[in-house]
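Structure record follows, encoded as structure tokens.
All heavy atoms count here, side chains included; hydrogens, waters and symmetry mates do not. Chain naming here is simple, since letters A, B, ... match the order of the sequence lines and numbering starts at 1 in each.
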Number of protein chains: 2
Amino acid sequence: MKIGDLAKAAHTQVETIRYYEREELLAQTARTEGNYRVYGPEHVERLSFIRHCRRLDMTLDEIRALLKFKDSPPKDCSVINNLVDEHIKHVAVRIKELKSLQKQLVDLRNSCAGGGAVDECGVLSGLSRASLAEPATDTPYDGHVHGTHKVSGKRKSP
Amino acid sequence: MKIGDLAKAAHTQVETIRYYEREELLAQTARTEGNYRVYGPEHVERLSFIRHCRRLDMTLDEIRALLKFKDSPPKDCSVINNLVDEHIKHVAVRIKELKSLQKQLVDLRNSCAGGGAVDECGVLSGLSRASLAEPATDTPYDGHVHGTHKVSGKRKSP
DNA sequence: AGAAACCCTGTAGCCACTTCAGTGTCAAGT
DNA sequence: ACTTGACACTGAAGTGGCTACAGGGTTTCT
């Protein structure tokens with residue numbers, strides 16, 4: 001099968017597959033005479049594995065580690081379990097953060113009086129006031145958990 | 001005050017301030033003879049406003065919009081409220097996603113038999129099996145909500 | 001034979017910063 | 001007056017995980 005077929009089989013984009021090859025998550029494959037990549041079912045399995053991990057929001061580095069264990073399994077599975085446990089923690093932290101965030105946003109939104117003018121709205125002033133008051137929770141942000149917004153190849157303001 | 005003082009006052013890094021200036025969230029300031037930026041309390045307020053919005057996980061584009069309303073307030077506040085409402089929705093969606101994620105991860109983790117060998121662990125095979133079964137939830141990912149991992153200027157695998 | 005559909009490489013872009021190299025300024029201490 | 005050190009400056013490049021595009025080549029269908 002060619003790269004397009006693999007892409008369909010594993011519900012991935014062609015460019016992503018080539019990207020994974022560059023990143024050495026997928027090994028380089030045989031090529032046809034016309035220099036096309038050739039894949040078999042084993043590649044579908046491996047790529048699906050990767051995509052599934054990504055859907056679970058693991059980093060490529062975490063997936064790299066898992067793949068290494070897949071390729072040459074260690075004596076006991078605690079390493080793998082630790083990796084997954086760590087990841088569960090990261091997700092838990094992020095959920096907590098987002099919930100607190102959500103509360104702040106709703107509070108902010110409720111500070112709007114109604115349909116009136118901006119002066120009475122309270123949202124902007126809420127943002128200003130809070131900002132001056134708070135000690136700004138100087139989180140070192142060591143957890144590898146990030147924001148709310150999807151990075152999706154958009155332009156800047158035009 | 002100089003840039004370092006502003007940084008301290010608004011709990012920000014110096015480089016971030018210069019970045020915001022390049023991005024035109026902060027206007028260019030007066031300079032000393034030695035070409036140092038000079039700031040006043042109004043800059044502390046504005047930068048704190050920006051940082052507060054960022055802590056609420058708004059994009060710089062969203063903040064740009066809010067700043068525009070701050071600089072020249074519109075007749076009614078519905079535009080601002082809509083912006084905040086939209087943002088609340090984004091956060092809600094992300095929380096939901098992460099919760100489903102969390103469930104999958106915990107299920108995966110529970111598939112480990114105990115302290116045994118990898119063959120019996122079930123985590124790796126769980127990741128493989130699930131990946132082949134699922135139709136891969138071909139989400140178009142239009143919501144601007146992204147992953148679980150903090151981007152923090154790290155090196156690649158060395 | 002010609003067009004459409006696919007494939008190739010290489011490079012640049014996205015966000016919101018961070019880091020780094022290389023240089024300049026300024027206040028305090030000796 | 002001189003050094004030391006802390007701070008400031010610019011410009012460019014790097015982070016993750018892709019996506020998009022330019023500019024070509026190959027294969028397949030009609």
Phosphate OP1/OP2 of [N]: any [X] side-chain N/O under 4.0 Å:
| X | N | result |
| --- | --- | --- |
| B/Arg64 | C/dC15 | no |
| A/Gln13 | D/dC18 | no |
| B/Arg54 | C/dC17 | yes |

(request) Return the 5'-most residue of the pair B/Tyr39, A/Thr16 with respect to DNA chain D, ranking by each residue's nearest nucleotide. (result) B/Tyr39
(message) Of the listed nucleotides (D/dC18, C/dA16, D/dT19), which one gets closest to any side-chain atom of B/Thr59?
(response) C/dA16
(message) So if I take every side-chain heavy atom of A/Arg31 and compare against C/dT18, D/dC18, C/dT9, which nucleotide ends up nearest?
(response)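 Among the listed nucleotides, the one closest to the side chain of A/Arg31 is C/dT9.
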So, [X] and [Y], do they make that salt bridge, N to O below 4.0 Å?
| X | Y | result |
| --- | --- | --- |
| B/Asp71 | B/Lys68 | no |
| A/Arg64 | A/Asp61 | yes |
| A/Lys89 | A/Glu86 | yes |

Whole angstrom is fine here: how far is it from [atom1] in [X] over to [atom2] in [N]?
| X | N | atom1 | atom2 | value |
| --- | --- | --- | --- | --- |
| A/Leu26 | D/dC18 | CG | P | 11 Å |
| B/Glu62 | C/dC15 | CD | P | 12 Å |
| A/Tyr19 | C/dC7 | OH | C1' | 21 Å |
| A/Leu25 | D/dG16 | CG | C1' | 12 Å |
| A/Asn35 | C/dC8 | CG | P | 7 Å |
| B/Arg37 | C/dG24 | CZ | P | 17 Å |
| B/Glu15 | D/dC7 | CD | P | 13 Å |
| B/Ile3 | D/dC9 | CD1 | C1' | 9 Å |

(request) Tell me yes or no: between the side chains of B/Arg51 and B/Tyr20, is some donor less than 3.5 Å from an acceptor? (result) yes
(request) Could you tell me whether B/Arg18 contacts a base, only the sugar-phosphate backbone, or nothing, with contacts defined as non-hydrogen atoms closer than 4.0 Å? (result) base
(message) Return whichever of B/Arg22 or A/Val14 has its heavy-atom-nearest nucleotide of DNA chain C closer to the 5' end.
(response) A/Val14
(message) If you compare all heavy atoms of A/Ala9 against all heavy atoms of A/Met1, which two are closest, and at what distance to 0.1 Å?
(response)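 Heavy-atom minimum between the residues: CB-CE, 4.3 Å.
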(message) Taking atom types as they are modelled, would you say the side chain of B/Tyr36 forms a donor-acceptor pair with the base of C/dG24 within the 3.5 Å cutoff?
(response) yes
